[in-house]
J.: 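Submitted below is the structure of interest, expressed as structure tokens.
Whatever order the structure lists them in is the order used to number ligands and atoms, beginning at 1.
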Amino acid sequence: MSLLDKYLTPEVEQQLKGLTTSHGVTLDDIIRSGRENPESSIGVYAGDAEAYTLFAPLFDPIIEDYHQHSLKEVHPRDFDPAHLSVTNLDPSGERIRSTRIRVGRNAAAYAFPPAISKEDRLELTQKVVAALESLEGDLAGTYYPLEGMDKATQDQLIADHFLFKEGDKYLESAGINRDWPEGRGIFHSADKKFLVWVNEEDGLRIISMEMGADLESIFDRLSRAASAIQEKIPFAYDEHRGYLTSCPTNLGTGLRASYMAALPKLSQQPDFKETCKSLGLQARGIHGEHSESEGGMFDISPTQRLGLTEVEAVQKLHDGMKKLFELEDELAEAA
Ligand code: ADP
Ligand code: CIR
């Protein structure tokens, strides 16, 4: 049962139908993805910042349930790499193939991808690209629009985990893929350790990733990038909901930190998903959400993004992964 089905009671529906945000977002828009895809786990998307407050009787319980956090609290922030207490969990390079941290962001002055107009999307793209092209040092890079990119290049970027996939059915139903591929693209540094997805599920997905397991340097790069971009593009933010994103699962830090890690024995256990869940972690397949694993390799990341700081979210990945490796080692020793 999706969180939409759990919380859209007849009373809430009655209360919210007929309401419209200044960008024209209605209850039907918010719930279309969940209605068209009944197997959704969440089922709702916000077309603009106002949707979160105007439709709070639906969004708030969904947010509190997913993040296991009360919206009465002010969302805390700490993006200071010096506050991390992590070690490289795999200096040998045998268990962790790569590490990635991304944050989702939307410009405060525009609707979010589910509701942005074609004209506004193009205007926003110009501003975002100009901001990205002004970055310096290891954050300097080039913008590659999806429009005009040859299919082989696009496919290779997707296969190498650098670029978003195309045609996600949940995003399609939410209206996020309108006018595709216009205004969509990827900015990246020459070494592809710093990347920004433009106008996919969120206006910006700011990404830091590299081979190996050096969380500290990846977090440091992301922290610098997010604040440099924010100086040029003010982001939608709310004291209690943190950074505002299209999908309520990404509110708060907007941050998903993940290790691409091998757990060949543990992942064979029938309670593998439960074990991850007990540590606040989620296991995705090797090509992102809704993909399959290959060879015992999983994309492991914490589920909660709201109500904890950026530092705490990354620490949670590190500490949880350490525990998963201990369990993997116990199984290997018992064999
Ligand atoms: P998001 O990270 O924005 O939630 P996805 O789950 O679709 O979106 O993942 C996007 C891409 O990032 C996919 O290609 C996925 O395999 C890749 N990815 C995630 N974590 C890692 C990692 N630690 N190393 C390499 N690629 C990763
Ligand atoms: C769903 O509701 O299943 C899709 N709209 C995807 C939700 C986002 N994913 C997640 O749980 N982090």
J.: Say whether Trp197 and ligand 1 are in contact under the criterion: heavy-atom distance to a ligand atom below 4.0 Å.
T.: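 Checking ligand 1 against Trp197, which is what was asked, there is a heavy-atom contact under 4.0 Å.
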J.: For the ring pair Tyr170 and His290, is the centre-to-centre distance below 6.0 Å?
T.: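 Yes, the ring centres sit under 6.0 Å apart.
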J.: Students should be able to answer this: which protein heavy-atom is nearest to atom 3 (O) of ligand 2, and at what distance?
T.: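 The closest one turns out to be Ser41 N, 2.7 Å.
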J.: Does Lys165, at its NZ atom, have more than 12 non-hydrogen atoms belonging to other residues, nucleotides or ligands within less than 6.0 Å?
T.: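 Counting other residues, nucleotides and ligands, NZ of Lys165 exceeds 12 neighbours.
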J.: Looking at Asp60 and Arg241, is there a salt bridge between them, counting it only when a charged N and a carboxylate O are closer than 4.0 Å?
T.: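 A salt bridge links Arg241 with Asp60.
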J.: What protein heavy atom is closest to atom 7 (C) of ligand 2, reported as residue, atom name and distance in Å?
T.: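 Ranking protein heavy atoms by distance from atom 7 (C) of ligand 2, first comes Ile42 CG1, 3.7 Å.
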J.: Closest non-hydrogen protein atom to atom 24 (N) of ligand 1, residue and atom name please, with distance?
T.: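 Its nearest protein heavy-atom neighbour is Ser98 OG, 2.6 Å.
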J.: Side chain or backbone, does Cys247 bring an N or O within less than 3.5 Å of an N or O on ligand 2?
T.: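 No; every N/O pair is 3.5 Å or more apart.
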J.: Within a distance under 4.0 Å of any heavy atom of Gly43, pick out the atoms of ligand 2 and give their elements.
T.: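 Every atom of ligand 2 under 4.0 Å from some heavy atom of Gly43: 2 (O).
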J.: Counting heavy atoms not belonging to Gln68, are there more than 12 under 6.0 Å from its CD?
T.: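 Counting other residues, nucleotides and ligands, CD of Gln68 exceeds 12 neighbours.
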J.: Which is closest to atom 10 (C) of ligand 2 in terms of heavy atoms, Glu201, Gln282, Arg256, Glu289?
T.: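 Comparing heavy atoms across Glu201, Gln282, Arg256, Glu289, the nearest one to atom 10 (C) of ligand 2 lies in Glu289.
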J.: For the residue pair Phe79 and Pro81, what are the closest heavy atoms and their distance?
T.: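 Reported closest heavy-atom pair: O-CD, 3.2 Å.
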J.: Run the salt-bridge test on Lys193 and Asp138 with the 4.0 Å N-O cut-off and return the result as yes or no.
T.: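 Answer for the salt bridge query: no.
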J.: Are any of the N or O atoms of Tyr45 closer than 3.5 Å to those of ligand 2?
T.: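 In this structure, Tyr45 places an N or O atom under 3.5 Å from an N or O of ligand 2.
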J.: Just to confirm my output: which protein heavy-atom neighbour is closest to atom 3 (O) of ligand 1, and how far is it?
T.: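 Checking every protein heavy atom, the shortest distance to atom 3 (O) of ligand 1 gives Arg205 NH1, 2.5 Å.
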J.: Just to be sure I read this right, does ligand 1 sit under 4.0 Å from the backbone of Phe164, its side chain, both, or neither, counting only heavy atoms?
T.: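 No part of Phe164 is near ligand 1 at this cut-off.
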J.: Salt bridge check, Glu328 against Lys265: does any charged N sit closer than 4.0 Å to a carboxylate O?
T.: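 Salt bridge flag = no for Glu328 with Lys265.
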J.: I want to confirm something. Looking only at heavy atoms, which of Arg256, Met297, His287 is nearest to atom 9 (O) of ligand 1?
T.: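 Closest candidate by heavy-atom distance is Arg256.
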J.: Is any NZ, NE, NH1 or NH2 atom of the basic residue among Asp65 and Lys6 found under 4.0 Å from an Asp or Glu carboxylate oxygen of the other?
T.: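 Between Lys6 and Asp65 there is a salt bridge, with a charged N closer than 4.0 Å to a carboxylate O.
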J.: So does Asp5 pair up with Arg35, basic N to acidic O under 4.0 Å?
T.: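 Judged by the 4.0 Å cut-off on N to carboxylate O distance, Asp5 and Arg35 do form a salt bridge.
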J.: Can an N or O of Ile286 be found at a distance shorter than 3.5 Å from an N or O of ligand 1?
T.: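 N/O-N/O distance below 3.5 Å exists for this pair.
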J.: So does Glu326 have more than 12 non-hydrogen atoms from other groups sitting under 6.0 Å from CD?
T.: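 Correct, the count exceeds 12.
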J.: With heavy atoms only and a cut-off of under 4.0 Å, state how Glu201 meets ligand 1: side chain, backbone, both or neither.
T.: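 Answer for Glu201: neither.
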J.: Below 4.0 angstrom, N of the basic side chain to O of the carboxylate: do Glu39 and Lys169 qualify?
T.: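 Salt bridge present between Glu39 and Lys169.
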J.: Identify, for atom 6 (O) of ligand 1, the protein heavy atom at the shortest distance, and state residue, atom and that distance.
T.: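 Here the nearest protein heavy atom works out to Arg284 NH1, 2.5 Å.
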J.: What residue and heavy atom of the protein are closest to atom 4 (O) of ligand 1, and at what distance?
T.: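 It is Arg102 NH2, 2.8 Å.
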J.: Give the residue and atom name of whichever protein heavy atom lies nearest to atom 18 (N) of ligand 1, and the separation in Å to one decimal.
T.: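 Checking every protein heavy atom, the shortest distance to atom 18 (N) of ligand 1 gives Arg100 CD, 3.4 Å.
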J.: Decide whether an N or O pair under 3.5 Å exists between Lys165 and ligand 1.
T.: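 It does not: no N or O of Lys165 is found under 3.5 Å from an N or O of ligand 1.
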J.: Would you say Asn37's side chain and Ser33's backbone share a donor-acceptor pair under 3.5 angstrom?
T.: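 Side chain of Asn37 to backbone of Ser33: a pair is present.
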J.: Provide, to 0.1 Å, the distance between atom 19 (C) of ligand 1 and the closest protein heavy atom, together with that atom's residue and name.
T.: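 Result for atom 19 (C) of ligand 1: Asp299 OD2, 3.1 Å.
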J.: Please list, in number order, the atoms of ligand 2 under 4.0 Å from a heavy atom of Tyr66.
T.: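 Counting from 1, the qualifying ligand atoms are 12 (N).
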J.: Return the residue, atom name and 0.1 Å-rounded distance of the protein heavy atom closest to atom 20 (N) of ligand 1.
T.: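 Among all protein heavy atoms, the one nearest atom 20 (N) of ligand 1 is Ser258 OG, 2.7 Å.
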J.: Please write down residue, atom name and distance for the protein heavy atom closest to atom 26 (N) of ligand 1.
T.: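 Here the nearest protein heavy atom works out to His161 CB, 3.3 Å.
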J.: Out of all atoms in ligand 1, which are within 4.0 Å of some heavy atom of Thr99? Include the element for each.
T.: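 Reading through ligand 1 atom by atom, the close ones are 23 (N).
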J.: Can you find an N or O of Met209 that's nearer than 3.5 Å to an N or O of ligand 1?
T.: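 Between Met209 and ligand 1, no N or O pair is found under 3.5 Å apart.
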J.: With a cut-off of 4.0 Å, which atoms of ligand 2 are near a heavy atom of Ser40?
T.: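 Answer, ordered by atom number: 1 (C), 2 (O), 3 (O).
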J.: Please state whether the rings of Phe194 and Phe187 are parallel, tilted or perpendicular, taking 30° and 60° as the class boundaries.
T.: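 The arrangement is perpendicular - the two ring planes meet at more than 60°.
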J.: Measuring from non-hydrogen atoms of Arg284 to any atom of ligand 2, is the shortest distance under 4.0 Å?
T.: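 Within the 4.0 Å threshold, so yes.
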J.: State which residue, out of Phe59, Tyr243, Tyr237, fulfils the ring pair (Phe, Tyr, Trp, His ring centres under 6.0 Å) condition with Tyr52.
T.: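 With Tyr52 as partner, Phe59, Tyr243, Tyr237 yield a single ring pair (Phe, Tyr, Trp, His ring centres under 6.0 Å), made by Phe59.
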J.: I'd like to know if the side chain of Arg184 and the backbone of Asn199 have a donor-acceptor N/O pair within less than 3.5 Å.
T.: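 Between the backbone of Asn199 and the side chain of Arg184 there is a qualifying donor-acceptor contact (under 3.5 Å).
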